[in-house]
Amino acid sequence: MRACPLPAQAKLLRVLQERTVTRLGSNREIPIDIRVVSATKEDLSQLSAEGQFRGDLCYRLIAAEITLLPLRARGHDAAILLFEHFMNRMAERPGRTIEPLTVQEADWILSYAWPGNVRQLKLLAERRALGFEWRPREKATAPADADASLPEQVDRFELRLIENALGASGGKTSIAAERLKIPLRTLNEKLKRLSGRREGTENDG
């Protein structure tokens with residue numbers, strides 16, 4: 001809706017108010033019964049206050065409003081489920097076989113910020129299904145814990161992998177252990193040790 005020019009907004013408002021349309025070249029008004037579903041990435045109320053969107057049309061459109069969170073703000077499993085959905089759609093094409101996601105790939109999907117939201121995820125999922133290099137190259141940056149000792153950095157990295165596996169497994173340790181290819185007992189021991197160490201570090205700070 002943000003891209004709708006002001007003259008077109010006036011025409012749309014008239015249609016919504018009067019529930020009629022007039023064909024080009026005709027003077028006869030045709031009654032219509034419609035429901036409008038619109039989408040925007042910006043706050044129409046704010047745009048209206050700035051004079052960039054008609055306020056009367058804004059109030060007409062937001063009678064029932066649904067706010068969708070960006071991909072990065074949704075649950076841990078949302079990105080994985082969507083990624084696999086778009087891959088499976090590609091697999092419906094004749095003669096195409098798609099390998100399931102590896103643990104490393106799933107971890108990357110969970111940790112990526114997705115600046116392009118669902119459109120970017122769909123594109124990368126399709127590229128992966130076609131066998132192309134799909135993960136964008138990122139500029140190398142210094143790790144946030146570069147000043148920590150080697151054992152501390154290893155522990156933090158290991159804890160991140162475990163947390164990602166748990167997120168992708170819906171919090172079920174048995175499934176997370178299978179994804180990490182370690183015994184369940186080992187995973188539980190690591191969780192107890194690493195979580196306790198992290199709490200101790202936070203308390204020291």
Side-chain angles (χ1 to χ4, degrees), residues 1-93 98 101 105-130 132-142 144 160 163-164 167-168 170-171:
M1 289 303 302
R2 171 66 178 87
C4 184
L6 288 174
Q9 292 178 29
K11 294 179 180 179
L12 176 58
L13 177 63
R14 179 178 177 276
V15 169
L16 295 178
Q17 288 177 334
E18 301 182 8
R19 300 287 178 173
T20 60
V21 295
T22 304
R23 291 177 178 172
L24 290 175
S26 173
N27 295 323
R28 186 171 67 90
E29 293 185 343
I30 304 174
I32 58 173
D33 182 13
I34 60 172
R35 299 293 183 273
V36 176
V37 179
S38 59
T40 180
K41 296 186 295 182
E42 302 182 55
D43 186 346
L44 293 185
S45 298
Q46 180 63 32
L47 293 175
S48 175
E50 296 172 356
Q52 301 182 48
F53 197 87
R54 290 185 63 106
D56 43 9
L57 178 58
C58 174
Y59 296 130
R60 283 278 181 177
L61 293 175
I62 63 175
E65 186 177 7
I66 299 176
T67 301
L68 297 179
L69 295 175
L71 185 61
R72 62 183 176 276
R74 301 183 190 181
H76 285 294
D77 59 343
I80 295 293
L81 292 175
L82 284 172
F83 199 97
E84 291 178 337
H85 166 72
F86 291 129
M87 282 202 310
N88 291 335
R89 285 181 58 181
M90 293 294 290
E92 295 174 358
R93 300 182 181 183
I98 298 177
L101 291 172
E105 289 175 329
D107 290 339
W108 184 90
I109 292 172
L110 289 171
S111 62
Y112 190 58
W114 298 108
N117 214 359
V118 178
R119 286 189 180 89
Q120 183 188 18
L121 183 142
K122 181 176 183 292
L123 173 63
L124 296 189
E126 291 175 347
R127 287 182 60 85
R128 201 266 186 189
L130 293 171
F132 298 131
E133 176 58 40
W134 56 278
R135 281 175 280 195
R137 296 180 180 179
E138 299 180 2
K139 296 180 180 179
T141 56
R160 282 197 294 268
E163 289 175 340
N164 288 340

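For this chain, numbers begin at 1 and follow the sequence in order. From a predicted model like this one, the values you see are computed outputs, not experimental measurements.
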*Please examine the side chains of M90 and R128, heavy atoms only from C-beta on, and report whether any two atoms are closer than 4.5 Å.*
no
*Quick one: list whatever passes side-chain hydrogen bond (donor to acceptor under 3.5 Å, both in side chains) with E65, sequence neighbours left out.*
none
*Is the F83 ring parallel, tilted or perpendicular to the W114 ring (thresholds 30°, 60°)?*
tilted
*Quick one: CD1 on I32 to OG1 on T20, what's the gap to the nearest 0.5 Å?*
7.0 Å
*Not counting sequence neighbours, which residues clear side-chain contact (heavy atoms from CB on, under 4.5 Å) with A8? List them please.*
C4, P5
*Looking only at non-hydrogen atoms, find the nearest pair between V118 and L82 and report the distance.*
CG2-CD1, 4.4 Å
*With E29, which of R23, R19, R14 fulfils salt bridge (charged side-chain N to carboxylate O under 4.0 Å, His left out)?*
R14
*Working to the nearest 0.5 Å, report the span between CG of L124 and CZ of F132.*
13.0 Å
_Over all atoms of both residues, closest heavy-atom pair of I109 and A79_ = CG2-CB, 3.7 Å
*asked:* Just so I know, are the side chains of I80 and L110 near enough to count as touching, which here means a heavy-atom distance under 4.5 Å?
replied: yes
*For Q17 and R60, what are the C-alpha separation, side-chain angles and deciding distance, and is it a side-chain contact (heavy atoms from CB on, under 4.5 Å)?*
CA-CA 9 Å; Q17 288 177 334; R60 283 278 181 177; 3.4 Å; yes
*Could you grab the distance from atom CD of Q52 to atom CG of L44, nearest 0.5 Å is fine?*
11.0 Å
*Tell me, with the steps shown, if E105 and R135 meet side-chain contact (heavy atoms from CB on, under 4.5 Å).*
CA-CA 9 Å; E105 289 175 329; R135 281 175 280 195; 4.1 Å; yes
*Is there a side-chain contact between L47 and C58, using heavy atoms and a 4.5 Å cut-off?*
no
*asked:* A side-chain contact here means heavy atoms from C-beta on lying under 4.5 Å apart; do T40 and F53 qualify?
replied: no
*For R89, does the CZ atom sit with more than 12 other heavy atoms under 6.0 Å from it, leaving out its own atoms?*
no
_The test is side-chain contact (heavy atoms from CB on, under 4.5 Å); show your working for L61 and L16 and say whether it passes._
CA-CA 9 Å; L61 293 175; L16 295 178; 4.3 Å; yes
*Taking every non-hydrogen atom, the tightest pair across S45 and I62*: OG-CD1, 4.2 Å
*Qualifying salt bridge (charged side-chain N to carboxylate O under 4.0 Å, His left out) pairs, either residue in residues 112-124, two or more places apart*: K122-E126
*State whether the side chain of R127 and the backbone N or O of E133 hold a donor-acceptor pair below 3.5 Å, judged by distance alone.*
yes
*Which heavy atom in S48 sits nearest to a heavy atom in G55, and how many Å separate them?*
OG-CA, 3.0 Å
_Test side-chain contact (heavy atoms from CB on, under 4.5 Å) on L6 and Q9; report intermediate values, then the result._
CA-CA 5 Å; L6 288 174; Q9 292 178 29; 3.5 Å; yes
_Could you tell me if the side chain of M87 sits less than 4.5 Å from the side chain of L101, heavy atoms only?_
yes
*What's the spacing between L81 CG and E84 CD if we round to 0.5 Å?*
6.5 Å
*asked:* Can you confirm whether V15 sits close enough to V36 that some side-chain heavy atom of one is under 4.5 Å from a side-chain heavy atom of the other?
replied: no
